[in-house]
Amino acid sequence: MPEPRDLPIYELEDRIVAAVRAQGRLIVQAPTGSGKSTQVPQMLLHHGLLGQGEVVVLQPRRLAARMLAKRVAEEVGTRLGDVVGYQIRLDSRVSEQTRIRFVTEGILLRQMSFDPTLRGISAIVFDEFHERHLYGDISLARALQIQQAQRPDLKIVVMSATLDTVQLKGYLAPCEVLTSQGRTFPVQVEYLSKSVDFEHDPVWAVATRECERVAARTTGDLLVFMPGAYEISRTVQDVQGSHALRGFVCFPLHGELPPDQQDRAVARYDTRKIIVSTNVAETSLTIDGVTAVVDCGLARVARYDPHRGINTLLIEKISVASSDQRAGRAGRTAPGVCVRLWTENEHARRPLQELPEVKRLDLAEVVLTLKAAGIDDIANFPWLEKPEPKSLERAETLLEDLGALHLAGLERSDNVDHAFAGTAQTRLLKITPVGRKMLRFPMHPRYARMFLAAQDYGCVRSVALMAALTQGRNFLLRNVDKRTQEARDDLFGEEHESDFFLLMRAWRYADKANYNADACRRLGIHIQGVRQVGPLYEQFLEIAQAEKLDVAEKRIDGVAVRKCVLLGFSDHLARRLDQGTLRCELVHKRKGVLARESCIQEAPLLVAAEITEIESRGEVNTLLNLCTAVEEAWLKELFPEDFSDAGGVTYDPTMRRVLARKERKFRDLVLESKQTAEEPPDGEAAAILAREVMAGNIVLTEWNEAVEQWIVRVNCLAKWWPELEVNPITDADRATLIEQICYGSHGARELKDKPVMPVLRDWLLAEQLAVLDDYLPERLVMANGRKARLTYHKEGPPVLSARIQELYGVSSKFTLGHGRVTVKIEVLAPNQRPIQVTDDLSNFWKEQYPKIKPELSRRYPRHEWR
DNA sequence: GAGCACTGC
């Protein structure tokens, strides 16, 4: 390790000190190895910039906060927790003497919300700011507000490796930018000369070929980046089967592997090594000895889709910044090579940075935090990057439904980017006493709300445990083998009411077994994950006690607990569509599939605490996880207001909690009128709708899940309420609509009822024999309706794609697939993101089959056609 | 025939 004084950052020392002193704000742009994280806080201290106060250094990861504190304490020459300390969730080493405090992002944000003057803090250093975490963005914005309004003496330093400093400089103006060099070895970056389509040439095959090439001309270890566990296992298989790579040992590396396997991947060997890893190796783990990186350029990226209110986990192309970060992994100990599995041309078209978290996560928790700080107009909060309006609206709606916000008035909106500019109003929502109470609980507002409900139902301890179980990573591994599953069934018993209960038993078991590694492995329990539960549980119980909730130990009342879950997740209600499959209908008529590891396999009605659209093996599925069975009668008990005013419209009472109550009513009315679009809507319904619109209880802004709704809405309103100003549909609207068909599963469902499917059926009838000739592939339609696979790659049958293009102005791919004989059309959104439309053609095939059977038997005699 | 990146209060 170099002497601190030799670190490149010291070249900037004088200028850093001068800038902070003059402006109170500074941006330091310096890569890994410059020493910024350890030295800049010490500079502030040693040059007397802190007065009597302390500097708080923000870190995105707990491990980093702890390690940095330890190192700086050594450099300063005091014990950890003395002059230099750290504070992370559930662990801190600080004292009265502490002047440099390393903290994780959530710690500072919470400190800000409970002490907005930041007493005792003289400076805040935002380290690794380029990662653009949600809490980092919010903390910086709040710090600026606090500096401007109350604390002009507060110093703010933002540090980062790579950064869009232009945007940030404007945001922090007046503010200087200082740049330093790093201490890493050069990495030679190579691109493919020709673009590869991973659909034809799988990513693992391409990666293995490049490994073979690069291994021959380097001497160190290889690191291969893949988007996830599945792609990793395929790559490992290919590498192990490769003749040219037979001298290498090869290890998978991802977050869900047990610790011993992770250690095995990171350990040093006598032979050369290939590690195939996810993004863990990009930021969280460093691996020594790597001199070559093979980067597939993809990652699974978590987003929150505010239009549909669900999480997504889809494979996306990584940004330039992220691929540079990956390349850098080859140059830590010696000069290195990085092979990128895309072309230089493609590289130039990639985004420079990842989208910051504010643009892609659920904002409910931070919106509540801001409201508590008295910031009611969150749209005009000084965001470094403004979130989508829909995202803010979704967060506010949820918080209102949870009782954390209430409507305090209506304001006319200046915002005119929607179809109903004339009637646009912003609902002014303020925090309620319940909302303030919820904020005491450091967790998603849904769980905080469950705590408050638990007080009424006498099950605070259970809810505390449930919240703790879901905070960290999922510790009950999926896809376990049969023996593990049997061991689980034996020990945890059969459970049919809630996946939470199963998790509780698994945790209790691990806790009783003292987190014994063998016991955990036998049951497929992730040991680091399950270890975090106990301390969190304790923390939540302490908070509950401080909030005067009754935490007495009682017998667990399953019904009470399940009702609390329903209160927290009422908008995640789902109903099984049939008993044969795991398909479910969700509120808002969306579709999803019950997780196959869920223990709620029988219940017709359930709520899912996690809804995630996941891409894997070329498919996208909406999966319902962490489910709890609920009773239909509870809905009436818990949400009586939903059952009080049907207004002449027929509802499905179990599915009617779709949006906020008023909006929901409006939506149902619109759907109702759609069926009789040529006539005015039913009188009573019309009256309610008109009244609500006029009273401003319904804000006509976003209502466009599908073409039909939009058009019907416009038609209805224009025809029967001429006093409303309605803008005609523009080309821009149309583009939005197409995008929504492509993005929204609801839109996709609507597509199914449109002429596409009939066209498809016609086409199949006319051309089925031709299809068989040209395309009938690996697996055939079996007479008994089992396994069938008929796959078109690319554009699909020309007739069909032309028709889809004509109808929707989008291009499509086409698959006629497996099992129950379903048809999938994959439509590509303007940004190339695919969405699949599926239709079940089992019955259709059943009818058609006898007609084509003779021909099939003649052409494919090797198969049995029953 | 089948489904999962990483953090954080």
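Source: prediction; values computed, not measured. All chains are named by letter (A, B, ...) in the order of the sequence lines, taking the proteins before the strands, and each is independently numbered beginning at 1. All values below come from the heavy atoms of this structure, side chains included, with hydrogens, waters and symmetry mates left out.
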d([atom1], [X]; [atom2], [N]) in whole Å:
X: A:Y537; N: B:dC9; atom1: OH; atom2: C1'; value: 20 Å
X: A:H254; N: B:dC4; atom1: NE2; atom2: P; value: 10 Å
X: A:Y304; N: B:dT7; atom1: OH; atom2: C1'; value: 19 Å
X: A:D137; N: B:dG8; atom1: CG; atom2: C1'; value: 14 Å
X: A:Y230; N: B:dG1; atom1: OH; atom2: C1'; value: 12 Å
X: A:E131; N: B:dT7; atom1: CD; atom2: P; value: 11 Å
X: A:D127; N: B:dT7; atom1: CG; atom2: P; value: 17 Å
X: A:N474; N: B:dA5; atom1: CG; atom2: P; value: 12 Å

Which part of the nucleic acid does [X] contact within heavy-atom distance under 4.0 Å: base, sugar-phosphate only, or nothing?
X: A:L90; answer: nothing
X: A:A299; answer: nothing
X: A:H133; answer: nothing
X: A:Q539; answer: nothing

Apply side-chain hydrogen bond (donor to acceptor under 3.5 Å, both in side chains) to [X] and list each qualifying residue two or more places apart in sequence or on a separate chain.
X: A:E354; answer: A:S319
X: A:H444; answer: A:D362
X: A:D324; answer: A:R340
X: A:Y304; answer: none

For [N] and [X] - does any side-chain N or O of the residue sit under 4.0 Å from the phosphate oxygens OP1/OP2?
X: A:R110; N: B:dC9; answer: no
X: A:R440; N: B:dC9; answer: no
X: A:T278; N: B:dC6; answer: yes

Please tell me which of the listed nucleotides, [options], lies nearest to the side chain of [X]?
X: A:I614; options: B:dC9, B:dA5, B:dC4; answer: B:dC4
X: A:R61; options: B:dC6, B:dG8, B:dC4; answer: B:dG8
X: A:A229; options: B:dC9, B:dC6, B:dA5; answer: B:dA5
X: A:I107; options: B:dC9, B:dC4, B:dT7; answer: B:dC9

**Message:** Near DNA chain B, counting only heavy atoms under 4.0 Å, which residues of residues 357-371 of chain A show up?
**Reply:**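 Hits under 4.0 Å, by residue number: A:E365.
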**Message:** Can you confirm whether the side chains of A:Q145 and A:R142 place a donor and an acceptor under 3.5 Å from each other?
**Reply:**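 Their side chains do contain a donor-acceptor pair, which is all the 3.5 Å distance test asks for.
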**Item:** Heavy-atom side-chain proximity of A:L624 to A:V593 below 4.5 angstrom
**Value:**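 Heavy-atom side-chain distance check fails, nothing below 4.5 Å.
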**Asked** Which residues pass the side-chain contact (heavy atoms from CB on, under 4.5 Å) test with A:R93, sequence neighbours left out?
**Response**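 In terms of side-chain contact (heavy atoms from CB on, under 4.5 Å), with neighbours along the sequence ignored, A:R93 is linked to A:L80, A:Y86.
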**Item:** Residue met sooner reading DNA chain B from 5', once A:E231 and A:T104 are mapped to nucleotides
**Value:**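 Nearer the 5' end of the strand: A:E231.
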**Message:** Please report whether the ring centroid of A:W507 lies less than 6.0 Å from that of A:F500.
**Reply:**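 That pair fails the under 6.0 Å test.
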